[in-house]
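Naming: A, B, ... by sequence-line order, numbering from 1 per chain.
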Amino acid sequence: MAIMNAITIFGLCAAALVGLGIFGLIVNPQPLRKILAINILGSGVFLMFGVIARRGAAAGLGGDPVPQAMVITGIVVAFSATALAVALLLRLVLVSGAATLEAEAEPSEKDGR
Amino acid sequence: MASVFDVTLVCLILAVGAWSTFARLTFSAIVIFIVYGLLLSLAWVRLAAVDVALTEAAIGSGVTGMLLLNAVARLRSTDAAPTPSRSSVNIAAGVFCTLITASLAGLVLVPPQVPVSLAPSVMESLGQSGLGNPVAGVLFVYRSLDTLLEKVVLVLALIAVWSLAPDGLWGGKPALRPFPQRDSVLIFLARTVPPIGIMVGIYMFWVGADEPGGAFQGGAVLAAMWILVMIAGLAAVPPTSSHALRLALIVGPVVFLAIGILGIFLTGTFLAYPEGYAKPLIIAIEATLTVSIGVTLAMHVVGPPEKEWRS
């Protein structure tokens, strides 16, 4: 297949990573694992940007620098979101004593310290 | 045709990504995630995006990994055996995700006839900025508002993290437990690596104008060195009320904003650089940003204040 070049392979990899990330986000019950899954999902989306950038190679550059710069910005923002999510989780554990998102953990039973 | 290396790399990335998702222990999942990030940065090199590869390795894999490891260490007592989700949910989720992957793969396999690219217009006017690295040009010239706001997001997220501490601990000390053993390899490394690491960080920022590198990547290396020294117990974690710390957190965004406002008076446009001064101004912004990014990333990793602190 002529279109099966290296860029396409990475594009398919990105598509699979997005699916994997969403799957992990849905099926993993632990909040920290969900945060991890969101990071895998994000990296798949970023890789898709990389594929688009590589296809836009022109003017003597290996790739379009605009999507590449957007990915750098995206990685930093994704880190900020991860840090905030982790802090929320740690606070949840401090208040409720359990790292769970289950609804049946009754608030009246383990009301905050 | 795709080379054997690329196919192997993609298979490895997918396998390691799946391993991280399905690993039984959260701790293992995070360690595997760090490996995953490093493999992914190799993919970025193969896609001719070395700047992104450095960012992914430093921030996406390294600093995020440290943040998650620190979290899992605090959560270990609550890391109960996960209740397995119902198989009907698993199957539905599997079908849903396969559909998403298939539609994205379809988009990849049917590329547009004429690839869209802004590369020619970037290269056309890159000369005026005095920069040699087109990605740095996009970050600090054409899309500098994005870059400014992203720095603000990083600081805002830190304020939000600090705000999650109980009221009485505002301004207190983050509880990063130093490694207790006195004569360990860690202590030795924390004494010998930082001088080299700090040089590497400053170098990455400095060459960022012309070669792959820049404030983000350099700042992440500086953050790693600071965290190393703090974990080894050789430097105290500063209380979040420290004025020096808060100044270091905001100096980068403030200088960036000030130069942006200066642009209104000198050129009539926010964030525009006066002709001939673009490069020195960008270097000034990047230098202060490197410090701010390094400090902000490190403070994100050590987390919210957990101990009261009296001066």
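What you find for A:Arg54 and B:Arg46 is that their closest heavy atoms are NE-O, 4.1 Å. Of all the heavy atoms in A:Arg55 and B:Val108, the pair that sits closest is NH2-O, 2.9 Å. When every heavy atom of A:Gly24 is checked against every heavy atom of B:Thr21, the shortest pair comes out as CA-CG2, 3.6 Å. For the pair A:Ala83 and B:Leu67, the tightest heavy-atom approach, listed with the atom from each and the gap, is CA-CD2, 3.5 Å. Summarising the geometry of A:Leu12 relative to B:Ala105, their closest heavy-atom pair is CD2-CB, 3.6 Å, with the distance given to 0.1 Å. Looking at every heavy atom in both residues, B:Ala48 comes nearest to A:Gln68 through O-NE2, 3.4 Å.
Ranked by heavy-atom pairs shorter than 4.5 Å toward chain A, the options B:Ala165, B:Ala43, B:Ala160, B:Pro166 are led by B:Pro166. No other option in A:Val71, A:Ile22, A:Leu17, A:Ile72 has as many heavy-atom pairs under 4.5 Å with chain B as A:Ile72. Chosen from B:Leu47, B:Leu104, B:Val138, B:Asp6, the residue pairing most often with chain A at heavy-atom distances under 4.5 Å is B:Leu47. Of the listed residues A:Gly74, A:Ser80, A:Ala14, the one with more heavy-atom pairs under 4.5 angstrom with chain B than any other is A:Ser80. Contacts with chain B were tallied for A:Asn39, A:Ile7, A:Ile35; A:Asn39 has the most, counting heavy-atom pairs under 4.5 Å. Contact count against chain B (heavy-atom pairs under 4.5 Å) is highest for A:Arg33 among A:Arg91, A:Met48, A:Arg33. Taking chain A as the reference chain and counting heavy-atom pairs below 4.5 Å, the highest number among B:Val161, B:Leu68, B:Val10 is found for B:Val10. Per-residue counts of heavy-atom pairs under 4.5 Å with chain A were compared for B:Gly94, B:Ala93, B:Ala71, B:Gly214; the largest is that of B:Ala93. When each of A:Ile52, A:Leu47, A:Asp64 is scored by its heavy-atom pairs under 4.5 Å with chain B, the top score falls to A:Asp64.
In this structure, chain A has heavy atoms under 4.5 Å from both the backbone and the side chain of B:Glu56. Contact of B:Ala23 with chain A is made through backbone and side chain together, with heavy-atom distances under 4.5 Å. Neither the backbone nor the side chain of A:Ala37 has a heavy atom closer than 4.5 Å to any heavy atom of chain B. The contact between B:Phe22 and chain A is made by backbone and side chain atoms together, counting heavy-atom distances below 4.5 Å. At a 4.5 Å heavy-atom cutoff, the contact between A:Leu88 and chain B is made by backbone and side-chain atoms alike. For chain B, the nearby parts of A:Val66 are the backbone and the side chain; heavy atoms of each come within less than 4.5 Å. Both the backbone and the side chain of B:Val63 come within contact range of chain A, each with at least one heavy atom under 4.5 Å from a heavy atom of that chain. At a 4.5 Å heavy-atom cutoff, the contact between B:Leu154 and chain A is made by backbone and side-chain atoms alike. Contact of B:Ile30 with chain A is made through backbone and side chain together, with heavy-atom distances under 4.5 Å. Both the backbone and the side chain of B:Ser20 come within less than 4.5 Å of a heavy atom in chain A. At a 4.5 Å heavy-atom cutoff, the contact between A:Val86 and chain B is made by side-chain atoms alone.
In this structure, CG in B:Leu40 is found 10.0 Å from CD1 in A:Ile40, a value given to the nearest 0.5 Å. Going from atom CZ of B:Arg74 over to atom CG of A:Leu89 covers 11.0 Å, rounded to the nearest 0.5 Å. Distance OG1/B:Thr296 to CZ/A:Phe79: 9.5 Å, rounded to 0.5 Å. In this structure, B:Thr26 OG1 and A:Leu36 CG are separated by 8.5 Å, a value rounded to the nearest 0.5 Å.
A:Phe49 places none of its side-chain heavy atoms less than 4.5 Å from the side chain of B:Val52. Contact annotation: the side chain of B:Phe96 approaches that of A:Ile26 to within less than 4.5 Å [non-hydrogen atoms, C-beta and beyond]. With a 4.5 Å cut-off on side-chain heavy atoms, A:Ile75 and B:Phe216 do not count as touching. Contact annotation: the side chain of A:Leu84 approaches that of B:Leu164 to within less than 4.5 Å [non-hydrogen atoms, C-beta and beyond]. No side-chain heavy atom of A:Pro65 sits under 4.5 Å from any side-chain heavy atom of B:Asp51. Between B:Leu14 and A:Leu20, the closest side-chain pair of non-hydrogen atoms is not below 4.5 Å. Considering only heavy atoms from C-beta on, A:Phe23 stays 4.5 Å or farther from B:Thr98 through its side chain. Annotation: side chain of A:Phe46 is in contact with side chain of B:Trp44 (closest heavy-atom distance under 4.5 Å).
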